[in-house]
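Not measured: the values here are computed from a predicted model.
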Amino acid sequence: MVGQPQVAQRCALTTGISSMSAHAGGDNVHTRRIAEFVSGLTYEKIPAGVRERIKLLILDSLGCAIYGANLEWCSILRGTLENLDATRTTSIWGTGAKLSSDHAALVNGTQVQGFELDDVHRKAVLHVGAVTLPALFAVAESHAELSGRNLLTAAVAGYEIGPRVGLCMGQEHIGQGWHSGATVGVFSAAAGAARGLGLDADKTVHALGIGGTQSSGLMAAQYGAMVKRMHAGRAAQSGLYGALLASHGFTGIVDVFEAPYGGFCTTFSRSTDRFNLEELSSGLGERFETMRISLKFYSCVGSNHTTLDAIRDIRKRRPFTLDDIDSIVVHGSQVTVDHVGWPYKPEGLTSAQLNLPFCVATLLLEGDVFVDEFTPDCVDNRARIELSRKVKVVHDPAITALGAGARHKVQVDIHFRDGSVESETREAPRGSEQSFASSDDIVAKFRKLTRSVMSATQQDALVDAALGLDKLPESRTLIERLRAG
């Protein structure tokens, strides 16, 4: 009996070694397909509609980053790295500062995601620009000479891969507590940077494998922590490391997605079956996930937008005052309940921008939910907190059963003191892939976000460079116009 635990330990160790041996250098069909797509993608293979869409998505992310440059958490991060890092090669967007390319990717990614303004692939649960562009622009500025067309092509490569990993992992990934923008985002960053560096398929496999093993990010960061803002930056940085190291012959996990022991999918799902590997390479080069990326016109987490739109719609057809409201009930998916539906407590701006009851109160009291409504003192605003107590977020199993594509669907019921109820159902918000914003709306958002640090002339130059990206002989022209002042 005394020896049984030791025998069990030896058996477990033998089993583990056997599992590792079984997959070492084994089947990597999906990783290989992704790598071949990334390395083989050309401007000519990208449909015209996707080319136009990516330019608008790039402009939106750059506007978000420029606005984010002087936020407290971004300033702390940049200042800390300036004291640690004497290298000055790569631009910090919206400032006159430079850092090393890896630290610039970290800071720029943090700035894009710095105020809950940036794009989102809703079904894949991924902020794509925040992880793809900082790594790619670092390559273009400091490691390779890219034409505008090549930069655009590499951006599409990154925007296509991360969402497919998110689709593979499904909603359970974030439900288990992983911040998918950080965990999944490394693959967008690695793919975009690898294409920017012109890596062949073999080296791109390694770039993905190096990026994947650095994947991390915990959703508990949403409850008031500044570090939530940094998750996208870390993903961008890790993907950049993956591509740069692979370009010099450093090797990574060649079956990073397929490995049954210690692979990305099995480890992060804690299972052998709660993911769908086919999603990784299904439709590559035929169905473009870039066209399913949404933009935000509220400065809060994407899960809140359908509710805010629904309340706007109700108020249009039945004008009401705050005194008229008895309660508001939001029926949503389990992800919505878990992600944004908790009772609000003042724990910082991050928590305020993620909490649905607080954002509803902000809309009703202030008339909008954009950057001007989220000043530091709003966190303790007594009127918003009291009104948020009238908002309840409840699980609707029927919405959850519709799957990831409907995870933001809500039915909003406003109960009035006179006993009447007004209801509105919204499946997707304005700016979504179902109702994508116009070029004019996106440019207007960019101008609003950058007006405090850029003159109208500077704004015009940057808009022209972004929307005319494929006409630029040198992509650094765009990057140079990101400097403020």
Open item on the list: If we count only N and O atoms by modelled type, under 3.5 Å, do the side chains of Ser299 and Gln353 hold a donor and an acceptor together?
Closed with: yes
Task: Pairwise ring pair (Phe, Tyr, Trp, His ring centres under 6.0 Å) hits with a residue in residues 230-249, at least two apart - done: His179-His231
Task: All pairs passing ring pair (Phe, Tyr, Trp, His ring centres under 6.0 Å) where residues 71-120 contributes a residue, at least two apart - done: Tyr67-Phe115, Trp93-Phe137
Open item on the list: Going by ring-ring contact (aromatic ring centres under 6.0 Å, His included), name the residues that satisfy it together with His305, two or more places apart in sequence or in a different chain.
Closed with: Tyr298
Task: Tyr223: partners by ring-ring contact (aromatic ring centres under 6.0 Å, His included), with sequence neighbours left out - done: Trp342
TODO: Please list all pairs passing the salt bridge (Lys or Arg N to Asp or Glu O under 4.0 Å) test where one or both residues lie in residues 286-306, with sequence neighbours left out.
DONE: Glu116-Lys296, Arg287-Glu289, Glu289-Arg292
My understanding is that only residues two or more places apart in sequence, or in another chain, count here; which of them pass salt bridge (charged side-chain N to carboxylate O under 4.0 Å, His left out) with [X]?
| X | value |
| --- | --- |
| Glu145 | none |
| Asp464 | none |
| Arg447 | Asp460 |
| Glu82 | none |

TODO: Output every pair passing side chain to side chain donor-acceptor pair (under 3.5 Å) with a member in residues 197-209, not counting sequence neighbours, ordered by first then second residue.
DONE: Arg32-Asp202
Task: Qualifying side chain to side chain donor-acceptor pair (under 3.5 Å) pairs, either residue in residues 211-221, two or more places apart - done: Gln214-Ser238
TODO: Would you indicate whether the side-chain heavy atoms of His143 and Leu244 approach each other to under 4.5 Å?
DONE: yes
Open item on the list: Measuring from atom CZ of Arg407 to atom OG1 of Thr336, what distance do you get when rounded to the nearest 0.5 angstrom?
Closed with: 7.0 Å
Task: Sequence-distant partners of Ser188, side chain to side chain contact (heavy atoms under 4.5 Å, CB included), two or more places apart - done: Leu126, Val128, Val131, Thr132, Pro163
